[in-house]
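Here is the structure we will look at, set down as structure tokens.
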Number of protein chains: 2
Amino acid sequence: MVMSSRSGADLALLLLGSYRNLVDEVVRELATRGYPDARPSHEYAIRAIRAGADSASDLARRLAITKQAAAKTIAALVERGYVTTETDPADSRRKNIRITDHGIGLITAGTEIFDEVRARWEVRLGAAELAELEAQLAQFVGDSPINLDAPGWAAGQELR
Amino acid sequence: MVMSSRSGADLALLLLGSYRNLVDEVVRELATRGYPDARPSHEYAIRAIRAGADSASDLARRLAITKQAAAKTIAALVERGYVTTETDPADSRRKNIRITDHGIGLITAGTEIFDEVRARWEVRLGAAELAELEAQLAQFVGDSPINLDAPGWAAGQELR
DNA sequence: CCGATCTGGACAACCAGGTTGACCAACACT
DNA sequence: AGTGTTGGTCAACCTGGTTGTCCAGATCGG
């Protein structure tokens with residue numbers, strides 16, 4: 001008899017715990033694969049950039065954060081060599097973002113690891129069960145104005 | 001045909017999104033019930049105190065955070081009137097924490113709201129399905145050294 | 001009874017990842 | 001040209017943590 005939650009507060013902790021578990025593992029593994037300074041937010045940001053966010057304001061909109069926050073993130077990415085910026089020749093206000101090979105490497109590895117961890121979960125739960133779980137979670141998330149493509153609300157995760 | 005996740009990264013976002021959804025709603029509702037300044041961490045902290053953490057160091061251990069962080073949290077709780085501290089007569093190093101009526105009110109309301117939200121989810125999913133979901137999440141969390149009673153790792157959630 | 005060590009607390013500086021607010025320079029529109 | 005919009009930046013602040021340092025009070029061994 002598995003002792004599941006029963007209480008709403010526990011449910012919240014289960015959700016957060018699962019998330020952190022997953023993400024911590026990814027970050028840990030990323031570190032061993034040559035990305036010791038990568039943080040979850042970097043992954044999300046680079047993904048958004050790859051998906052077309054080629055300026056700070058753009059990134060801010062995609063991530064649903066302020067442009068200042070986006071600028072800080074970009075600065076961090078530049079510092080770590082995941083990304084470079086250069087002034088747009090056509091519009092000298094803009095600073096175009098370009099992902100470096102190192103940055104590509106990061107999201108490639110990140111995607112792989114995420115999928116590996118998910119695959120492990122799949123083994124434990126069964127493919128159908130995991131798919132159902134995802135569908136259920138999608139329902140909860142779908143309730144809300146939250147945009148899965150805009151994980152700005154995902155702020156605040158630390159790994160220890 | 002529900003578009004569920006397929007990718008590990010999306011799964012992470014689903015978990016986090018569900019969590020934030022739940023918690024944001026609780027905080028929002030808490031605000032309308034007379035606890036406008038309550039944050040999730042306050043709830044967790046007061047719960048831990050009620051569960052027996054009667055000093056800062058104690059709370060730190062339970063929450064698996066540093067004692068400095070615990071002290072800051074306690075200061076915030078005192079400031080908001082959820083808790084009071086007084087020097088232990090028997091051990092003048094210690095400062096015993098006592099939960100005020102207002103604090104009791106907070107966790108009472110919090111528990112209620114958490115459960116209400118969970119109940120709504122139960123309606124949508126079915127009781128058996130939600131129970132299964134919780135059991136599955138518990139499995140993921142159970143993998144790890146994380147202690148559900150020690151949500152210190154839960155740090156970083158902002159509501160906007 | 002006393003010194004060594006452990007424990008509770010506090011101060012200070014820092015960090016990540018956000019937020020507001022003010023501001024300027026460059027572009028676009030009419 | 002003049003006005004408004006957009007991209008970027010500076011600065012200050014917030015939350016919830018982190019280290020590191022230090023002291024005072026308690027406890028234990030001799």
Side-chain angles (χ1 to χ4, degrees), chain A residues 16 20 23-24 27 36-46 48-49 53-80 83 85-97 150-160, chain B residues 16 20 23-24 27 37-46 48-49 53-80 85-97 150-160:
Chain A
L16 181 57
R20 289 197 51 98
V23 164
D24 282 3
V27 173
D37 53 1
R39 311 195 60 79
S41 62
H42 299 159
E43 268 241 26
Y44 296 135
I46 299 182
I49 293 166
D54 61 325
S55 74
S57 296
D58 237 40
L59 182 61
R61 280 187 290 268
R62 292 231 185 196
L63 259 30
I65 57 178
T66 59
K67 58 182 179 175
Q68 293 92 326
K72 281 191 193 179
T73 301
I74 293 171
L77 294 177
V78 170
E79 211 174 290
R80 288 164 170 79
V83 123
T85 57
E86 53 191 46
T87 304
D88 188 325
D91 179 344
S92 52
R93 291 171 305 176
R94 297 180 71 89
K95 289 197 171 177
N96 290 328
I97 311 173
W153 45 270
Q157 35 283 359
E158 263 331 302
L159 53 131
R160 216 104 329 137
Chain B
L16 182 57
R20 289 196 52 97
V23 164
D24 283 2
V27 172
D37 54 2
R39 311 193 61 78
S41 62
H42 298 159
E43 268 240 28
Y44 295 135
I46 300 182
I49 294 167
D54 61 327
S55 74
S57 296
D58 236 40
L59 183 62
R61 280 187 289 267
R62 292 231 185 199
L63 258 32
I65 57 179
T66 58
K67 57 183 180 175
Q68 292 91 328
K72 281 193 193 177
T73 301
I74 293 171
L77 293 178
V78 170
E79 211 175 288
R80 287 165 171 80
T85 57
E86 52 191 46
T87 304
D88 187 325
D91 180 343
S92 52
R93 290 172 308 176
R94 298 180 70 89
K95 289 198 170 176
N96 290 328
I97 311 171
W153 44 270
Q157 33 284 0
E158 261 334 300
L159 52 131
R160 329 249 104 99

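Per chain, numbering begins at 1; letters A, B, ... match sequence-line order.
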Nucleotide C:dG8, atom P - distance to CG of B:Leu59 in whole Å: 13 Å

Regarding B:Ala56, tell me which of base, sugar-phosphate or nothing describes its non-hydrogen contacts under 4.0 Å with the strands shown. sugar-phosphate

Taken to the nearest 0.5 Å, the spacing of A:Glu43 CD from A:Leu77 CG works out to 11.0 Å

Contact letters for nucleotides 22-30 of chain C, in which S counts primed atoms plus P, OP1 and OP2 and B counts the base, heavy atoms under 4.0 Å: B---BS---

Taking every heavy atom of A:Asn96 against every heavy atom of A:Pro89, the minimum-distance pair comes out as ND2-CD, 4.4 Å

Applying the salt bridge (charged side-chain N to carboxylate O under 4.0 Å, His left out) test to B:Asp54, which of B:Arg62, B:Arg94, B:Arg61 qualifies? B:Arg94

Atom CD of B:Glu79 and atom C1' of D:dT15: how far apart are they, to the nearest Å? 13 Å

A:Asn96 CG to D:dG7 P, straight-line distance once rounded to whole Å: 12 Å

Respond yes when some side-chain nitrogen or oxygen of A:Thr66 is under 4.0 Å from OP1 or OP2 of C:dG18, and no when none is. no

Exercise: identify the closest heavy-atom pair between A:Asp88 and A:Ala90: OD1-N, 2.7 Å

Whole angstrom value for the distance that separates C1' of D:dC14 from CZ of B:Arg80: 11 Å

Can you tell me how far C1' of C:dT7 sits from NZ of B:Lys95, to the nearest Å? 16 Å

Taking OP1 and OP2 of C:dG17, is either one under 4.0 Å from a side-chain nitrogen or oxygen of A:Ser41? yes

About how many Å separate OG1 of B:Thr73 and CD1 of B:Ile46, when rounded to the nearest 0.5 Å? 10.5 Å

Whole angstrom value for the distance that separates P of D:dT18 from CD1 of B:Ile65: 6 Å

Toward the 5' end of DNA chain C, by each residue's nearest nucleotide, B:Arg94 or B:Lys72: B:Arg94

Please report, rounded to the nearest Å, how far the C1' atom of C:dT7 is from the CG atom of B:Asp54. 14 Å

Taking OP1 and OP2 of D:dT15, is either one under 4.0 Å from a side-chain nitrogen or oxygen of B:Arg39? no

Gap between atoms CD and C1', on B:Glu86 and C:dG9 respectively (whole Å): 16 Å

Quick one: label A:Ser55 by what it contacts on the DNA or RNA (base, sugar-phosphate, nothing), any heavy atom closer than 4.0 Å. sugar-phosphate

Would you tell me if any nitrogen or oxygen in the side chain of A:Ser57 comes within less than 4.0 Å of OP1 or OP2 on D:dT6? no

Which value, rounded to the nearest 0.5 Å, describes the distance between B:Leu59 atom CG and B:Ile74 atom CD1? 5.0 Å

Closest non-hydrogen atom pair between A:Val23 and A:Pro40, with its separation: CG1-CG, 3.6 Å

